[in-house]
Amino acid sequence: MNKETGKGRTMVGKVISTKMNKTVTVEVIRTFAHKLYKKTVRKSRRFAAHNEMADINVGDSVKMQETVPMSKRKHFIVIEKL
């Protein structure tokens, strides 16, 4: 899973924090139907992603890709701002 080869899963999410240096916190929301009740369920998960771009702010939508672990919590890199 490497940014040079384009391997690894990609996800789209919303930036919720930019307080760390070169790191943003991205919240990814997925929706799916409940198996039994067929009701639409929303689940969210937060990821720490490496960010080299200076123009990303809270509330922006970003596309991130899985990469080799950079630290204990950081294993995604921001590819582009949507």
Side-chain angles (χ1 to χ4, degrees):
M1 292 173 262
N2 196 328
K3 67 178 181 179
E4 290 87 14
T5 59
K7 304 277 184 186
R9 50 186 180 153
T10 59
M11 292 188 281
V12 175
K14 184 180 279 191
V15 176
I16 57 171
S17 174
T18 59
K19 293 180 181 179
M20 297 171 275
N21 291 336
K22 295 191 178 182
T23 304
V24 293
T25 304
V26 181
E27 187 173 45
V28 177
I29 299 173
R30 66 184 189 99
T31 60
F32 59 95
H34 190 277
K35 288 182 182 178
L36 179 61
Y37 301 116
K38 309 300 186 235
K39 179 181 176 181
T40 302
V41 181
R42 289 170 46 119
K43 280 200 175 188
S44 63
R45 183 149 180 216
R46 295 177 178 186
F47 296 96
H50 184 70
N51 175 33
E52 291 286 342
M53 296 179 239
D55 63 338
I56 292 181
N57 298 312
V58 174
D60 292 340
S61 291
V62 294
K63 187 176 189 180
M64 59 184 187
Q65 183 176 23
E66 195 172 21
T67 184
V68 293
M70 296 182 172
S71 67
K72 180 180 178 180
R73 293 184 55 237
K74 228 166 56 168
H75 52 269
F76 282 91
I77 187 166
V78 175
I79 299 173
E80 65 178 322
K81 179 179 173 182
L82 301 175

Per-pair distances, 0.1 Å, donor-acceptor, side chain in residues 29-43, under 3.5 Å, sequence neighbours excluded:
| from | atom 1 | to | atom 2 | distance (Å) |
| --- | --- | --- | --- | --- |
| H34 | ND1 | L36 | N | 3.1 |
| H34 | ND1 | Y37 | N | 3.2 |
| K38 | NZ | K35 | O | 2.7 |

Item checked: Counterpart residues, side chain to side chain donor-acceptor pair (under 3.5 Å), relative to T25 (two or more places apart) -> none
Item checked: Distance (rounded to the nearest 0.5 Å) between K74 NZ and K22 NZ -> 8.5 Å
Note to self: If I take atom CD1 from residue I56 and atom CG from residue N51, how far apart are they, to the nearest 0.5 angstrom?
What the structure shows: 4.0 Å
Which side-chain N or O atoms in residues 10-18 pair as donor and acceptor under 3.5 Å with protein atoms at least two apart or in another chain?
none

Margin query: Can you pull out every ring pair (Phe, Tyr, Trp, His ring centres under 6.0 Å) where at least one residue sits in residues 60-82? Sequence neighbours excluded, please.
Written below: F47-F76
Next item on the list: Scan residues 49-70 for pairs that pass ring pair (Phe, Tyr, Trp, His ring centres under 6.0 Å), counting only residues two or more places apart or in two chains.
Entry: none
Checklist line | Residue pair V26, V62: steps toward the side chain to side chain contact (heavy atoms under 4.5 Å, CB included) verdict | finding: CA-CA 8 Å; V26 181; V62 294; 3.9 Å; yes
Next item on the list: Could you note down all residue pairs passing ring pair (Phe, Tyr, Trp, His ring centres under 6.0 Å) where residues 55-74 supplies at least one of them, sequence neighbours left out?
Entry: none
Margin query: So, taking the atom named CE in M64 and the one named CD1 in I79, what distance separates them when rounded to the nearest 0.5 Å?
Written below: 9.5 Å
Next item on the list: Ignoring hydrogens and angles, tell me if any N or O in the side chain of K81 forms a donor-acceptor pair with the backbone of D55 under 3.5 Å.
Entry: yes
